[in-house]
Amino acid sequence: MSFQPPYRLDVDAHVADLVDAYAGLEDGEETDRVVTVAGRVMLLRDQGKLAFATLREGDGSEIQLFALSKVLDGYADFVGLNLGDWVGATGTVVKTRRGELSVKITSFVHLAEARRGFGDKFHGITDTDIRYRQRYADLWANPESAVVLRTRSRIMSLTRRWLEDREFIEVETPVLQHVASGAAATPFTTHHNALDVDLKLRIAPELFLKRLVVGGFERVYEIGRVFRNEGISTRHNPEFTMLELYQAYADYADIMTLVEELVAHLATELHGTTTLPYGDRELDLSTPWRRASMVELIEESIGVRLDVGQPIDEVRAVATEHGVEVEDSWGQGKLILEIYEKTTESSLWGPIFVTDYPEEVSPLSRSHRELPGVTERFEAIVAGRELCNAFSELTDPDVQRARFEDQVRQKDAGDDEAMPLDEDYLRAMEYGLPPTGGLGIGMDRLVMLLTDTPSIRDVVLFPTLRPEQ
RNA sequence: GGGGGUGUAGCUCAGUUGGCAGAGCAGCGGCCUUUUAAGCCGAAGCGCGCGGGUUCGAGCCCCGCCGCCCCCA
């Protein structure tokens, strides 16, 4: 007869709690506390008339099951278990003579067979292809994978709580959009049969969230998946999780404060400190973070002070001198951004707020209150990577229309990632968008930095992969 | 798209100057009253990513392709 597992089981103790509660038992001491625990048998040491098994719960906590043939009903079945099998076990909490906290079991139930093994019981599974494709196996074979991915859940939860404590409300906006705008990226296209229209998967929730600010949601955020049809690397997955928030009556300086406080809060909650290891370096997330403008940082890097107002030939010359492949359609702003990315960005470790991006490359940002040609926009670089993008939002519909039209010109000139014009968003702005600060954070990258993880695939449960075989 | 690394049993890996494919673990059979990656005995399992080529002979050499990892564009 085939294996017939029970339909349910009353589990009355978690391994982690038992480990905490009974750490002080003496070697050989037995309690009369009866517990039922459950998990997978990860190791089994059969001694003949007695056996020891290592039971692991999904959170990684482990306790030994101590089975005596004289005491345990079904002893023969117990020692016949395969590594990886799910069991429930009932018995008393004891510490063995050799000092291992155990449940001395009087009965057990076989809950599921592991027809496939979890790999080498010492080395686990190291083949990345198996780890990413069969995450369900990786989570058991490599407990450190499970720790990172569970920490991700914790980060999402802490972030939501922190924002809600500050009166932000969470919303959900469309993933399927007629116009995929709000970022410079190539969208995925799909088709709706009943309407017979092509739809895009969102590349950012930005424009919908700002519509909500127009609608009176003064502090609003969304944590959701966005999709960008571009390459895959250690820092890019085609679908990733973005936090965007908008705060009415705030500007980009307020948002800088919000970002550094949020990140420092998360670090403190998770690790008890704002000084974290990342790779072979250290990361000091204590506030405040340095603020410096893009042109200042370029000057520090290459010794040349650039300005969007200077003659374009001079900026082109600097770009060419530093190996930037210049296109004729680029103005000073785009050239300066390219020079920054080529010469400066990779040398930044951070945390640092890079501020005052050129208008030409910032179609949704409000112009700087003092400096001509640049916007009140910043990106944070943390651990050498771009973490977020934020600005004082552009609120003037006429200026926004002009910026969109400029983007369309750039698209026509061959820039595939230039932003399309969103007519409905302009209509929304005509109802009045108050002064607003906005932010987008790549949550996957935030998890990477808080878990000291080098690849985005290690913080995404099921990363996008080529189809098998 | 370019460069580097890698692909041998279910898993982790070793395979010397080209000369009948190996180990540990898992799985299977057996022994064992305090194990900790338990130990011991036994049987079984891969024809070496795929396709060509050189050679008496290729896991090792050559060519092409494919997958995975890393770096760069």
Side-chain angles (χ1 to χ4, degrees), chain A residues 3 15 19 25-30 40-56 61-72 75-85 91-105 113-145 230-237 279-280 319 322-327 338 341-343 345-347 384-385 416-417 448 453-458 460 463-469:
Chain A
F3 176 61
V15 168
V19 171
L25 283 189
E26 300 291 323
D27 292 358
E29 186 177 350
E30 305 206 354
R40 286 191 193 262
V41 171
M42 299 308 286
L43 298 170
L44 184 60
R45 298 175 287 280
D46 176 7
Q47 308 281 310
K49 298 275 194 322
L50 78 172
F52 303 93
T54 300
L55 181 81
R56 183 142 93 213
S61 56
E62 294 183 338
I63 196 165
Q64 180 168 266
L65 302 180
F66 175 28
L68 278 165
S69 59
K70 286 189 296 191
V71 174
L72 173 62
Y75 178 83
D77 291 334
F78 184 77
V79 296
L81 289 169
N82 283 352
L83 299 190
D85 281 356
T92 51
V93 178
V94 305
K95 189 165 262 187
T96 61
R97 285 180 220 163
R98 296 292 177 82
E100 185 75 19
L101 183 68
S102 307
V103 177
K104 184 175 174 183
I105 62 175
E113 297 177 307
R115 296 191 189 177
R116 298 171 185 267
F118 288 101
D120 188 284
K121 66 188 183 186
F122 185 60
H123 298 97
I125 298 171
T126 58
D127 185 309
T128 51
D129 204 44
I130 299 175
R131 290 186 45 233
Y132 299 144
R133 284 187 198 283
Q134 303 183 36
R135 185 68 86 184
Y136 35 84
D138 175 46
L139 291 169
W140 288 100
N142 303 300
E144 59 283 5
S145 291
E230 47 203 36
I232 294 177
S233 77
T234 46
R235 292 176 298 281
H236 300 85
N237 197 54
D280 52 12
H322 289 90
V324 175
E325 290 185 28
V326 174
E327 297 196 15
E338 293 286 330
E341 288 181 348
K342 184 91 177 182
T343 65
E345 188 174 29
S346 64
S347 66
R385 299 208 182 89
D416 292 336
E417 296 195 336
M448 287 167 68
T453 303
S455 171
I456 195 171
R457 293 185 202 103
D458 291 316
V460 173
T464 304
L465 301 170
R466 200 180 294 276
E468 261 188 280
Q469 165 195 353

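What you see is a predicted model, and the numbers here were worked out from it, not measured in a lab. Proteins get letters first, then strands, A, B, ... in listed order; numbering begins at 1 in each.
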**Student:** Counting side-chain heavy atoms from CB outward, which of B/C32, B/C70, B/A38 is closest to A/Asp46?
**Tutor:**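 The nucleotide sitting nearest to the side chain is B/C32.
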**Student:** What's the closest nucleotide to the A/Asp129 side chain, out of B/G67, B/U36, B/A26?
**Tutor:**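 Ranking B/G67, B/U36, B/A26 by closest atom to the A/Asp129 side chain puts B/G67 first.
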**Student:** Looking at OG1 of A/Thr126 and CG of A/Asn142, how far apart are the two atoms once the value is rounded to the nearest 0.5 Å?
**Tutor:** 8.0 Å
**Student:** Within this structure, what is the CD-CD distance for the pair A/Glu100 and A/Gln64, rounded to the nearest 0.5 Å?
**Tutor:** 5.0 Å
**Student:** Distance check, P atoms only: B/C60 and B/G19, in whole angstrom units.
**Tutor:**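 Taking atom P in both B/C60 and B/G19, they lie 11 Å apart.
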**Student:** What integer number of Å spans the P atoms of B/U17 and B/C11?
**Tutor:** 29 Å
**Student:** What is the distance, to the nearest angstrom, from the CD atom on A/Glu417 to the P atom on B/A73?
**Tutor:**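 To the nearest whole Å, that distance equals 15 Å.
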**Student:** Give A/Gly124 one of three labels, base, sugar-phosphate or nothing, depending on what nucleic acid heavy atoms sit under 4.0 Å from its own.
**Tutor:**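 Sugar-phosphate contact only.
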**Student:** Think A/Thr128 has a side-chain N or O under 4.0 angstrom from the OP1 or OP2 of B/C68?
**Tutor:** no
**Student:** If you check the A/Ile130 side chain, which of B/U33, B/C11, B/C13 turns out closest?
**Tutor:** B/C11
**Student:** How many whole angstroms separate atom CZ of A/Arg116 from atom C1' of B/G10?
**Tutor:** 9 Å
**Student:** Quick one: look up who B/A23 pairs with, Watson-Crick or G-U, both distances under 3.5 Å, and put none if it's unpaired.
**Tutor:** B/U12
**Student:** Take atom CD of A/Glu113 and atom C1' of B/A26, then tell me their distance rounded to the nearest Å.
**Tutor:**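 That distance rounds to 16 Å.
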**Student:** With a 4.0 Å cutoff (strictly under), does any side-chain N or O of A/Thr126 reach OP1 or OP2 of B/C11?
**Tutor:** no
**Student:** Mapping A/Glu30 and A/Leu83 to their closest nucleotides on RNA chain B, which lands nearer the 5' end?
**Tutor:**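 Of the two residues, A/Leu83 wins.
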**Student:** Which part of the nucleic acid, if any, lies within reach of A/Thr234 when heavy atoms closer than 4.0 Å are counted: base, sugar-phosphate only, or nothing?
**Tutor:**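 Result for A/Thr234 = sugar-phosphate.
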**Student:** Looking only at side chains, do A/Thr453 and A/Asp458 share a donor and an acceptor under 3.5 Å apart?
**Tutor:** no
**Student:** Using modelled atom types and a 3.5 Å cut-off, is there a donor and acceptor pairing between side-chain atoms of A/Asp120 and backbone atoms of A/Phe122?
**Tutor:** yes
**Student:** Using whole Å, what does the distance between atom C1' of nucleotide B/C70 and atom OH of A/Tyr132 come to?
**Tutor:**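 Atom OH in A/Tyr132 sits about 11 Å away from atom C1' in B/C70.
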**Student:** Side chain of A/Arg466 only, heavy atoms from C-beta on: which candidate in B/U33, B/U12, B/C68 is closest?
**Tutor:** B/C68
**Student:** Given 3.5 Å as the limit, does a donor-acceptor pair link the side chain of A/Asn237 with the main chain of A/Arg457, or not?
**Tutor:**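 Such a contact is absent between A/Asn237 side chain and A/Arg457 backbone.
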**Student:** Of the nucleotides B/G24, B/A38, B/U34, which has the atom closest to the A/Phe52 side chain?
**Tutor:** B/U34
**Student:** Closer than 4.0 Å, any side-chain N/O of A/Arg115 to the OP1 or OP2 of B/A26?
**Tutor:**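 A/Arg115 to B/A26 OP1/OP2: no side-chain N or O under 4.0 Å.
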**Student:** I'd like the C1' distance from B/G64 over to B/G42, given in whole Å.
**Tutor:** 46 Å
**Student:** B/U36 and B/C46: how far apart are their C1' atoms, nearest whole angstrom?
**Tutor:** 31 Å
**Student:** Under 3.5 Å for both donor-acceptor distances, Watson-Crick or wobble: does B/G67 have a partner, and if so which one?
**Tutor:**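 Here B/G67 is engaged in a pair, and the nucleotide opposite it is B/U6.
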**Student:** Report which part of the nucleic acid A/Phe66 touches: base, sugar-phosphate, or nothing (heavy-atom distance under 4.0 Å, all strands).
**Tutor:** base
**Student:** Just how far, in rounded Å, is P of B/C11 from CZ of A/Arg131?
**Tutor:**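 Checked: the CZ to P distance equals 15 Å.
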**Student:** Just name whichever nucleotide pairs with B/A43, Watson-Crick or G-U, keeping both distances under 3.5 Å, else none.
**Tutor:** none
**Student:** With P as the reference atom in both, quote the distance from B/A73 to B/C65 in angstrom, rounded to an integer.
**Tutor:** 25 Å
**Student:** Return the CG to CZ distance between A/Leu55 and A/Arg40, rounded to the nearest 0.5 Å.
**Tutor:**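 If I round to the nearest 0.5 Å, the distance is 11.0 Å.
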**Student:** Could you check how far CD1 of A/Ile125 sits from C1' of B/G24, rounded to whole Å?
**Tutor:** 17 Å
**Student:** Between B/C70, B/C68, B/U33, which one does the side chain of A/Ser455 approach most closely?
**Tutor:**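 Closest nucleotide among those given: B/C70.
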**Student:** Measure from the side chain of A/Leu68, starting at C-beta and using heavy atoms only, and say which of B/C25, B/U33, B/U34 lies closest.
**Tutor:**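 Selected nucleotide (nearest to the side chain): B/U33.
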**Student:** Considering only the P atoms, how many Å lie between B/U54 and B/C62, rounded to the nearest integer?
**Tutor:** 15 Å
**Student:** Which residue lies toward the 5' end of RNA chain B, A/Glu100 or A/Arg457, if each is placed at its nearest nucleotide?
**Tutor:**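 Result of the comparison: A/Glu100.
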**Student:** As a test of reading the structure: which of B/C70, B/A26, B/U12 is closest to the side chain of A/Lys121, going by heavy atoms?
**Tutor:**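 Nearest nucleotide to the side chain: B/A26.
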**Student:** Using the side-chain heavy atoms of A/Arg45, tell me which of these nucleotides is nearest: B/A38, B/U12, B/G27.
**Tutor:**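 That would be B/A38.
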**Student:** Using O4'-C1'-N9-C4 for purines and O4'-C1'-N1-C2 for pyrimidines, with syn meaning within 90° of 0, is B/G47 syn or anti?
**Tutor:**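 Here B/G47 takes the syn form, which means its glycosidic angle is within 90° of 0.
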**Student:** Describe the nucleic acid contact of A/Gly48 in one word from base, sugar-phosphate, nothing, applying a heavy-atom distance below 4.0 Å.
**Tutor:** base
**Student:** What about A/Gln47, does its side chain sit under 3.5 Å from the base of B/U34 through a donor-acceptor pair?
**Tutor:**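 Per atom types, no contact qualifies.
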**Student:** If I take atom CD in residue A/Glu345 and atom P in nucleotide B/A73, what distance separates them, rounded to the nearest angstrom?
**Tutor:** 11 Å
**Student:** Between B/G30 and B/A14, how many Å separate the two C1' atoms, rounded to a whole number?
**Tutor:**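 It works out to 29 Å between them.
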**Student:** Give me the ring orientation class for A/Trp140 and A/Phe118: parallel if the planes are under 30° apart, tilted from 30 to 60°, perpendicular past 60°.
**Tutor:**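 Tilted.
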**Student:** Kindly compute the distance separating CD (A/Glu338) from OG1 (A/Thr343), expressed to the nearest 0.5 Å.
**Tutor:** 11.0 Å
**Student:** What is the distance, to the nearest angstrom, from the CZ atom on A/Phe122 to the P atom on B/A37?
**Tutor:** 8 Å
**Student:** Answer yes or no: side-chain N or O of A/Asp127 and base N or O of B/G7 forming a donor-acceptor pair under 3.5 Å.
**Tutor:** no
**Student:** Rounding to an integer number of angstrom, what distance separates B/U8 and B/A21 when you compare their C1' atoms?
**Tutor:** 9 Å
**Student:** Among B/G67, B/G24, B/U36, which is the nearest nucleotide to the side chain of A/Asp120?
**Tutor:** B/G24
**Student:** Can you check whether A/Ser233 has a side-chain N or O nearer than 4.0 Å to OP1 or OP2 of B/C71?
**Tutor:** no
